[in-house]
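Please read all numbers here as calculations on a predicted model, not as lab measurements. Below, each value reflects all heavy atoms present in this structure, side chains not excepted, and no hydrogens, waters or symmetry copies. Each chain gets a letter, A, B and so on, in the order its sequence line appears, and its residues count up from 1.
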There are 2 protein chains.
Amino acid sequence: MHSADAVESIQREMTVFARRARASAGRLHPELSLVSYTLLGHVEESGGCRATDLAAHYALDKSTVSRQVAGLERAGLIERRPDPKDQRVQVLHLTRSGRHILDRVTQSRRAAFRERLTGWPAEDLRRFAEYLVRYNA
Amino acid sequence: MHSADAVESIQREMTVFARRARASAGRLHPELSLVSYTLLGHVEESGGCRATDLAAHYALDKSTVSRQVAGLERAGLIERRPDPKDQRVQVLHLTRSGRHILDRVTQSRRAAFRERLTGWPAEDLRRFAEYLVRYNA
DNA sequence: TCGGGGTGGTTGGGTTGTGCAACCATGGGA
DNA sequence: TCCCATGGTTGCACAACCCAACCACCCCGA
């Protein structure tokens with residue numbers, strides 16, 4: 001396989017993956033869309049972040065994030081705390097319920113993934129993940 | 001990095017990638033969305049296929065494909081030919097114009113990708129593509 | 001000190017991609 | 001000949017987006 005073909009494949013397969021991921025996420029966890037799940041995960045990992053941070057990291061319009069965040073708050077999964085340093089800012093944090101649901105969904109997603117990746121050598125998994133991170137950096 | 005973390009990363013980074021791809025595709029080629037481009041590419045590669053084939057391969061609902069195909073036909077990029085073996089079937093083929101646009105967009109996408117992947121050893125590219133194909137298989 | 005450009009966030013409006021369900025037409029056996 | 005399966009279209013609803021306009025607040029320089 002030449003580099004040009006590899007590039008072609010990467011592009012196409014990523015697209016296929018994304019579509020399937022979204023579809024199956026919707027089926028498995030009606031309570032938490034793939035987008036919500038991703039944002040929720042980011043909020044947890046970051047230990048409190050702003051809507052703008054989410055928008056920048058996921059290349060989303062701030063209006064999109066604003067609405068997603070509103071939905072998550074309405075669902076009681078995150079809460080907004082004022083930033084004492086800057087009155088414009090709302091720092092997002094998971095609620096107890098948000099953490100709980102995130103954990104449940106993560107478990108179940110992980111199980112599905114693991115099944116899918118059964119038989120992959122650990123080394124390949126590691127390298128696959130590393131490629132993706134490097135690409136998106 | 002342990003396997004569980006790798007799995008987590010793969011999932012997340014794929015999502016990020018997909019979103020960026022869609023956004024940038026829309027910006028670079030307003031005349032051909034990412035979905036259209038993908039389907040068009042598949043039709044060319046297969047050398048004539050049915051809408052149902054597309055739906056199966058991309059895990060899309062047949063109604064979605066039907067509408068996408070209708071759009072591509074309206075745009076003059078593909079044409080439907082009756083299948084002599086089965087009157088229900090419409091075999092999809094690229095038109096001259098479809099082939100032309102597909103080529104142009106492919107060139108430009110490839111250039112963008114290549115720039116992005118500058119500095120990647122060919123071996124890594126090859127392996128990255130292989131992982132993706134294996135995963136989606 | 002005050003005015004203005006920059007930044008965080010919300011809202012209104014519109015587009016696109018998608019799935020589900022109901023439907024039609026054709027095909028292929030029992 | 002009937003009946004079910006299959007390929008495809010259409011109506012309907014919805015989620016995720018983006019852009020533009022807007023408000024509130026921050027901060028820097030004249």
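Between the OH atom of A/Tyr58 and the C1' atom of D/dA16 there is a distance of 16 Å, given to the nearest Å. Note: CG (A/Asp61) to P (C/dG14) measures 17 Å, nearest angstrom. Spacing between atom CG of A/Leu54 and atom P of D/dC18 amounts to 13 Å, rounded to whole angstrom units. Taking atom CD of A/Gln90 as the reference point, atom C1' of D/dA24 lies 11 Å away to the nearest angstrom. Taking atom CZ on B/Arg50 and atom C1' on D/dA5, their separation rounds to 13 Å, with Å as the unit. Whole-Å rounding puts the A/Asp83 CG to C/dT7 P distance at 17 Å. Distance, B/Gln68 CD to C/dT18 P: 6 Å, rounded to whole Å. As a whole-Å value, the separation of A/Leu92 CG from C/dT10 C1' is 14 Å.
Checking the phosphate oxygens (OP1, OP2) of D/dT9, a side-chain nitrogen or oxygen of B/Arg80 falls inside 4.0 Å. For A/Arg88, no side-chain nitrogen or oxygen approaches OP1 or OP2 of D/dA24 to under 4.0 Å. Close to D/dG8, at under 4.0 Å from its OP1 or OP2, lies a side-chain N or O of B/Thr52. Contact check, B/Thr64 against C/dT18: no side-chain N or O comes under 4.0 Å of OP1 or OP2.
Here the rule is side-chain contact (heavy atoms from CB on, under 4.5 Å) with B/Asp124, and of A/Arg134, A/Glu130, A/Arg127 only A/Arg134 fits it.
Donor-acceptor pairing under 3.5 Å, judged by distance alone, is present between the side chain of B/Arg67 and the base of D/dG11.
Checked against D/dA16, C/dG8, D/dT9, the side chain of A/Val35 finds its nearest nucleotide in D/dA16. Distances from the side chain of B/Asp86 to the nucleotides C/dG19, C/dT26, D/dG8 place C/dT26 closest. Relative to the side chain of B/Lys62, the nucleotides D/dT9, C/dG17, C/dT10 differ in distance, and D/dT9 lies closest. Nearest nucleotide to the side chain of B/Gln87, out of C/dG27, C/dT18, D/dG8: C/dG27.
Proximity of a side-chain donor or acceptor of A/Ser66 to a complementary backbone N or O of A/Lys62 within less than 3.5 Å is not detected.
Taking 4.5 Å as the limit, every side-chain heavy atom of B/Leu92 sits out of range of all side-chain heavy atoms of B/Asp53.
Between B/Phe128 and B/Trp120, the angle of the ring planes stays under 30°, which puts this pair in the parallel group of the 30/60° scheme.
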### Task
Could you please spell out the steps behind the side-chain contact (heavy atoms from CB on, under 4.5 Å) verdict for B/Leu40 and B/Val105?
CA-CA 11 Å; B/Leu40 215 54; B/Val105 174; over 6 Å; no
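Counting any heavy atom pair closer than 4.0 Å across all strands shown, A/Ala55 reaches no nucleic acid atom. Within 4.0 Å of B/Ser63, counting heavy atoms only, lies at least one base atom of the nucleic acid.
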